Amino acid sequence: MDALSSSFLPKYSLSNTSFASTPKISRRTNIILKLINKTKSNNVPLLTTLFKSIDDFTCNSLDSLSPLPPSIDPHHVLSGNYAPVDHELPPTACEVVEGYSNIPRCLNGVYLRNGPNPQFLPRGPHHLLDGDGMIQMVRISDGGATFCRRYIKTYKYLTERELGYAVFPSVLSSFNGGLASMARVFVAAARVLAGEFKPAGNGFGTANVSVALIAGKLYALTESDLPYEIRVTPDGDIATLGRRDFGGGGGFINMTAHPKVDPVTGETFAFRYSGVAPFLTYFRIDSGGRKQANVAINAVKTATVVHDFAVTENYAVFNEGQMVITPAEILRGRRPVRVDGGKIPRIGVIEKYAEDDSGMVWVDAPGVNISHAVNAWEEDGGDTVVVVAANNERIEMVFERLDLVETRMEEIRVCLKTKKVQRRLLSDQFLDLAAINPAFLGRKNRYVYSPVVEMPMKIVGLVKLDVSLSSDDCVVGTRMYGPGCTGGEPFFVAKNPAAEEDDGYLVTYVYDEIVEESKFLVMDAKSPTLEIVAAVKLPGRVPDGLHGLFVTENCLSQ
């Protein structure tokens, strides 16, 4: 295993400092002397040293006043194959260990998978989504393969690399008890005032959630910031080109990590949510990469976390769920995002090209808190919208125990005339991070490919669902990865544009913890066993990550 992942857990400690047992005057004197001596010897600015000392005291002493819950305890969060890797990797040749002659030419291109990977070991509370964005990429060319992994060089990443440790606060993990939370708020504000980091105009996101191809260009995304444009170089490396606003102007500071690219028009549909009104804003990016006018969704009256949405040929579909943003919680030493159990979730449907939300239809949908929307389409002449999505059955676990979240795949039918919702389970298994043939996005499709999630948050296999079946068990294909193996989100690659919907391949990463080896798998999407067509042994462990994308060589060269 990597040096970092094998040594991380036993080395990490939140033990108290010796200051706790020292008289008050002596303690202050010692702190001042240490700061002066350290500043002189290392030529470090005094304020930088002071800020780091406050950070150290907060992590080593104040955090111990409130035991870390599992959701932000780095011992728990960064265990198993969620442990980070400790270095980037330049393009490196790989061995095709299975099916060398079977890697089809339609797979000539790159598979990029994004995910959080902290560049520094956490010194205090840490949420899984706090890690810096890292792209794990395999490039296939005429049966051969190379592998590369690179951090997304965000403003946050570069600032912290220069300082030598993490300084950016997190809305998910920085608030752990009153004293520790206030200390972090104070030191973050002081750093901004002192100019140690400048999030205004530069952003503070990690670009660690997904990868998207928008108007022919690649982007790494997270919902708390703007996308970062990246490029695959001719030699198979990954370069970060910079933060992009698509011409949206200074007020455009973040967008969803799950934009939807219409396969027919080439337009990208997206949104942003905010802690201040308007709490939800919908917009599109044209096929030339230019952001169009905002559509404020004024019917959303409270700040709500909206992670994903769906589009059909004529509509955009939003789920206003129970995850809300309450900034005042910070004053109580709590994170500003929480679950409002008394709020009734609802689904909103708006025309894709609407100029305002006056015609938006809202339907109450108790129990619907969508994790990821897989696809949506229209039936009954547009009077019914059908959404296939992974639904969080225990929404409170998203913040308390992310590793124990229970998501099941559902078909949700929204009648726009009667304003009624009908729901149907597609399988009794825990499923999420599903994929479809991307050519069917926004149009009625038949097949869904979804990872099987086993607690605690471990992907142990993959199923193929036929949503045209009327039963509550639509599984028509299964592949389990075997003992000690964990996989990730799949991506569907069609054999050719004219092929049947399921005539293609599923690609993903799988890690075998027994032999400590990661592979890039190619599976036959038509096969009832999702037969492995080819496997590429990768030159390093690939941690469990989030969302990915396959891009053909033709698209890369445009």
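Keep in mind that what you see is a predicted model, and the values were worked out from it rather than measured.
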Electrostatic pair Asp262-Arg284, nearest N-O below 4.0 angstrom = no
Atom pair OG (Ser450) and CD (Gln429), whose distance is rounded to the nearest 0.5 Å | 8.5 Å
Please round to the nearest 0.5 Å and tell me the distance separating atom CG of Leu78 and atom NE2 of His126.
-> 4.5 Å
Drop me the distance from Ile152's CD1 to Tyr219's OH, to the nearest 0.5 angstrom.
-> 13.0 Å
With sequence neighbours left out, which residue pairs that include part of residues 324-339 fulfil the salt bridge (Lys or Arg N to Asp or Glu O under 4.0 Å) condition?
-> Glu329-Arg332, Glu329-Arg334, Arg335-Glu400
Out of curiosity, Thr222 OG1 to Tyr228 OH, how far, rounded to the nearest 0.5 Å?
-> 11.0 Å
Distance flag, aromatic centroids of Phe492 and Tyr449, threshold under 6.0 Å | yes
Over all heavy atoms of both residues, which pair between Pro278 and Thr281 is shortest? Give the atoms and the distance, please.
-> CG-OG1, 3.7 Å
Whether Asn445 side chain and Tyr447 backbone form a donor-acceptor pair below 3.5 Å | yes
Taking 4.0 angstrom as the limit, do Arg272 and Glu223 come out as a salt bridge?
-> no
Kindly say whether Ala390 contributes a backbone atom to a donor-acceptor pair with the side chain of Asp432 at under 3.5 angstrom?
-> no
Under 3.5 Å, side chain of Ser170 to main-chain N/O of Asp130, donor-acceptor pair present?
-> no
Taking only Lys NZ, Arg NE, NH1 and NH2, and the carboxylate oxygens of Asp or Glu, determine whether Asp132 and Lys156 approach each other closer than 4.0 Å.
-> yes
Please lay out, stage by stage, how Gln292 and Tyr353 fare under the test side-chain hydrogen bond (donor to acceptor under 3.5 Å, both in side chains).
-> CA-CA 10 Å; Gln292 303 302 297; Tyr353 297 98; over 6 Å; no
When you check the gap from the basic side-chain N to the acidic O, do Arg346 and Asp364 get nearer than 4.0 Å?
-> no
Side-chain (Arg541) to main-chain (Pro84) donor-acceptor, under 3.5 angstrom = yes
With Ile350, the side-chain contact (heavy atoms from CB on, under 4.5 Å) member among Trp362, Phe318, Tyr315 | Phe318
Closest heavy-atom pair, Pro259 versus Ala270, reported as atoms and distance to 0.1 Å, is CB-CB, 4.2 Å
Would Lys301 count as a cation-pi partner of Phe279, with NZ or CZ less than 6.0 Å from the six-membered ring centre and within 45° of the ring normal?
-> no
What's the spacing between Leu462 CG and Thr529 OG1 if we round to 0.5 Å?
-> 11.5 Å
Could you give me the CA-CA distance, side-chain angles and deciding distance for Val448 and Asn375, then say whether side-chain contact (heavy atoms from CB on, under 4.5 Å) is met?
-> CA-CA 9 Å; Val448 172; Asn375 198 25; over 6 Å; no
N-O pairing of Asp403 and Lys458 below 4.0 Å | no
What are the two closest heavy atoms between Asn369 and Gln322, and how far apart are they?
-> OD1-N, 2.8 Å
Counting distance only, does the side-chain N/O of Asn319 pair as donor-acceptor with the main-chain N or O of Ile370 below 3.5 Å?
-> yes
Minimum-distance pair of heavy atoms, taken over all atoms of Ile459 and Gly488 = CD1-CA, 3.9 Å
In Å, rounded to the nearest 0.5 Å, how long is the span from CE of Met455 to CZ of Arg401?
-> 11.0 Å
So the side-chain hydrogen bond (donor to acceptor under 3.5 Å, both in side chains) pairs with at least one residue in residues 476-486 (sequence neighbours excluded) are Thr486-Asp544
Nearest heavy-atom contact between Tyr511 and Val542 is CB-O, 4.4 Å
Do the charged groups of Arg243 and Asp225 touch, with an N to O distance under 4.0 Å?
-> yes
Is Asn114 reaching over with its side chain to a backbone N or O of His547, donor-acceptor style, under 3.5 angstrom?
-> no
Can you name the closest pair of heavy atoms from Ala316 and Lys352 and give their distance?
-> N-CG, 3.9 Å
So does Asp472 pair up with Arg408, basic N to acidic O under 4.0 Å?
-> no
